Amino acid sequence: MGIDWEKFIDRTLNITMNENYGVVYGERKEQSNFYEIVFKTGKLREVFDDGLLLESVRDKNLVMIFMPYSSIKCVEIF
């Protein structure tokens, strides 16, 4: 049984990911820190066989985020 994601197009999703890591660079290279990214939030724009496409705003820029189903742990729908 699967969920029909098409019903949630243009709704805001808050996705908890299985795990994903990123790096933040400080002013000096030795200030770099790894951190775990556990949430992605955005409006659902498209649904694909292998994942979801979210639209979000980051630093005043519109970004599109592709989330493979294998990376999704939990989804809140607003």
Side-chain angles (χ1 to χ4, degrees):
M1 172 190 268
I3 187 167
D4 180 7
W5 290 104
E6 297 283 339
K7 295 190 307 189
F8 303 108
I9 296 285
D10 292 326
R11 301 278 299 271
T12 299
L13 304 183
N14 187 28
I15 297 175
T16 304
M17 301 168 59
N18 285 321
E19 64 180 63
N20 193 13
Y21 295 90
V23 64
V24 174
Y25 291 103
E27 291 179 19
R28 296 187 314 258
K29 189 104 175 166
E30 60 271 3
Q31 290 179 328
S32 301
N33 292 314
F34 281 95
Y35 63 97
E36 187 174 6
I37 305 165
V38 293
F39 295 106
K40 291 286 185 192
T41 300
K43 287 198 181 282
L44 180 60
R45 290 299 181 209
E46 277 193 71
V47 177
F48 299 96
D49 291 337
D50 54 348
L52 306 174
L53 187 65
L54 301 181
E55 178 184 282
S56 185
V57 176
R58 186 176 305 146
D59 297 327
K60 299 181 184 177
N61 294 309
L62 186 68
V63 293
M64 303 302 281
I65 305 165
F66 178 75
M67 294 290 304
Y69 292 126
S70 60
S71 296
I72 298 172
K73 183 176 187 177
C74 176
V75 178
E76 295 173 307
I77 302 168
F78 298 95

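Just so we're clear, the structure is a prediction, and the values are computed from it rather than from any experiment.
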Side-chain donor/acceptor pairs under 3.5 Å, residues 58-65, sequence neighbours excluded:
{"from": "Asn61", "atom 1": "ND2", "to": "Asp59", "atom 2": "O", "distance (Å)": "3.4"}

Handout entry: Hydrophobic cluster membership, Ile15 vs Leu53, 4.5 Å side-chain cutoff
Key = no

Problem - Hydrophobic cluster membership, Val57 vs Leu13, 4.5 Å side-chain cutoff - result: no

Heavy-atom pair with the smallest gap, counting every atom of [X] and [Y]:
X: Ser56; Y: Gly42; value: CB-CA, 4.4 Å
X: Trp5; Y: Val47; value: CB-CG2, 3.5 Å
X: Phe48; Y: Tyr69; value: O-OH, 3.0 Å

Handout entry: Value rounded to 0.5 Å, distance of CZ in Phe66 from CG in Asp50
Key =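 If we round to the nearest 0.5 Å, Phe66:CZ and Asp50:CG are 4.0 Å apart.
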
Under 3.5 Å donor-acceptor pairs involving side-chain atoms of residues 70-78, not counting sequence neighbours:
{"from": "Glu76", "atom 1": "OE1", "to": "Asn14", "atom 2": "ND2", "distance (Å)": "2.7"}

Problem - Under-4.0 Å salt bridge between Glu55 and Arg45 - result: yes

Problem - Lys43/Arg11 under side chain to side chain contact (heavy atoms under 4.5 Å, CB included): CA gap, chis, key distance, verdict - result: CA-CA 5 Å; Lys43 287 198 181 282; Arg11 301 278 299 271; over 6 Å; no

